[in-house]
Amino acid sequence: MELCPCVKNILLLDFEGKRVAAKYFCDDWPTNGAKEAFEKAVFNKTQKTNARSEVEVTMLENNIVVYKFVQDLHFFITGGEEENEIILATVLQGFVDAVGLLLRGNVEKREALEYLDLILLCIDEIVDGGIILETDANIIAGKVASHSTVADGLSEQTFSQALATAREHLARSLLK
């Protein structure tokens, strides 16, 4: 048993079981086909449950899977069979709440696909290499928003620099 709780994967599927976002942190599913088969198995096992108000827990292939459904999206966190369900449920709730904050409460597939970059950043802020980094939704959403703002600033700065360079070249060509 490891001292630090670990996550094997984070999945975000639509209401048909199709992948919206996923990140795997272990080699239990080495190929894309194995990953898709696991996602289908998870979806088939959980689709008839009503995990809308609280996080639910199930066992699948010697793994603990915690999950919650919001609108037409299904959120899943998988850990090893020795992991603590409460910790995994806390990670899941942090993920669900952070996505809700980032999507301004409009948690549905269309919006999730539009802001997929923010959701993937959210996953990166929650877990790194299977190690849980953060579970507080406000902190996660704040970090993701700051990354997004920094990226926007860099692209604007790059554009400004390109414009300044173009002006310099134009001025030099006119002086010749």
Side-chain angles (χ1 to χ4, degrees), residues 6-61 63-79 83 85 87-149 151-152:
C6 291
V7 170
K8 289 187 171 189
N9 64 43
I10 296 179
L11 306 173
L12 180 58
L13 306 177
D14 68 8
F15 68 98
E16 296 173 324
K18 301 217 181 335
R19 183 187 298 178
V20 174
K23 189 144 188 188
Y24 287 80
F25 305 103
C26 69
D27 295 327
D28 289 3
W29 305 275
T31 65
N32 197 37
K35 291 173 183 173
E36 289 174 353
F38 179 75
E39 292 165 17
K40 184 175 181 178
V42 166
F43 180 76
N44 288 337
K45 179 154 186 162
T46 60
Q47 72 177 342
K48 292 188 174 35
T49 63
N50 187 19
R52 297 209 178 270
S53 59
E54 292 183 16
V55 172
E56 297 287 336
V57 180
T58 190
M59 289 289 292
L60 178 68
E61 300 173 6
N63 293 299
I64 296 172
V65 179
V66 294
Y67 59 98
K68 186 171 183 176
F69 307 152
V70 179
Q71 304 289 354
D72 59 351
L73 293 174
H74 297 199
F75 294 78
F76 299 93
I77 304 280
T78 305
E83 295 300 339
E85 298 90 1
I87 292 174
L88 294 175
T90 303
V91 173
L92 177 67
Q93 194 61 54
F95 180 41
V96 170
D97 292 346
V99 169
L101 288 170
L102 292 167
L103 299 181
R104 293 178 181 90
N106 193 15
V107 183
E108 58 183 28
K109 181 182 177 181
R110 196 177 113 248
E111 199 78 7
L113 289 173
E114 186 173 335
Y115 294 102
L116 187 58
D117 57 334
L118 296 180
I119 291 173
L120 294 173
L121 278 172
C122 184
I123 292 171
D124 289 341
E125 289 295 336
I126 296 170
V127 176
D128 184 24
I131 306 298
I132 300 165
L133 301 175
E134 185 61 67
T135 59
D136 184 298
N138 292 316
I139 293 172
I140 296 164
K143 287 181 178 180
V144 169
S146 71
H147 286 307
S148 175
T149 304
D152 290 344

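In this chain, numbering begins with 1 at the start of the sequence shown.
Under the side-chain contact (heavy atoms from CB on, under 4.5 Å) criterion, E85 pairs with V57, I64, not counting sequence neighbours. For F69, the ring pair (Phe, Tyr, Trp, His ring centres under 6.0 Å) partners two or more places apart in sequence, or in a different chain, are Y67, H74. Evaluation of the side-chain contact (heavy atoms from CB on, under 4.5 Å) rule for A41 yields L60, E61 as partners, not counting sequence neighbours. With sequence neighbours left out, the salt bridge (Lys or Arg N to Asp or Glu O under 4.0 Å) criterion links D97 to no other residue. Residues forming a side chain to side chain donor-acceptor pair (under 3.5 Å) with N106 (at least two apart in sequence, or on another chain): E111. Checked against salt bridge (Lys or Arg N to Asp or Glu O under 4.0 Å), D28 has the following partners two or more places apart in sequence or in another chain: K8. The salt bridge (Lys or Arg N to Asp or Glu O under 4.0 Å) check on E108 picks up R110, with sequence neighbours excluded.
Note: I87 CD1 to L92 CG = 14.0 Å, rounded to the nearest 0.5 Å. Taken to the nearest 0.5 Å, the CG atom of N63 stands 13.0 Å off from the CD1 atom of I77. Note that the CG atom of L101 and the CG atom of L118 stand 12.0 Å from one another [nearest 0.5 Å]. Here the CD1 atom belonging to I10 is positioned 10.5 Å from the CG atom belonging to L120, to the nearest 0.5 angstrom.
Here the side chains of E36 and N32 are in contact, with some heavy-atom distance below 4.5 Å. When side chains are defined from C-beta on, V7 does not count as touching F95, because their heavy atoms never get closer than 4.5 Å. Counting heavy atoms from C-beta outward, V66 and F75 have side chains that stay 4.5 Å or more apart. Under the 4.5 Å side-chain criterion, counting only non-hydrogen atoms from C-beta, L102 is not in contact with Y115. Side chains of K68 and Q93 form a contact here, defined as non-hydrogen atoms less than 4.5 Å apart.
For the residue pair T78/N9, the side-chain donor-acceptor check at 3.5 Å is satisfied.
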Could you tabulate the donor-acceptor pairs under 3.5 Å formed by side-chain atoms of residues 14-27, not counting sequence neighbours?
from, atom 1, to, atom 2, distance (Å)
D14, OD1, E16, N, 2.9
D14, OD1, G17, N, 3.0
D14, OD1, K18, N, 2.8
D14, OD2, K109, NZ, 2.8
R19, NE, E39, OE1, 3.2
R19, NE, E39, OE2, 3.0
R19, NH2, E39, OE2, 2.8
K23, NZ, D124, OD1, 2.6
Y24, OH, K35, O, 3.3
Y24, OH, E39, OE2, 2.8

Under 3.5 Å, which donor-acceptor pairs do the side chains of residues 125-138 form with other protein atoms, sequence neighbours left out?
from, atom 1, to, atom 2, distance (Å)
E125, OE2, H147, NE2, 2.7
E134, OE2, D136, N, 3.1
D136, OD1, N138, N, 2.9
D136, OD1, I139, N, 3.1

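Heavy-atom minimum distance, G100 versus V107: CA-CG2, 3.5 Å.
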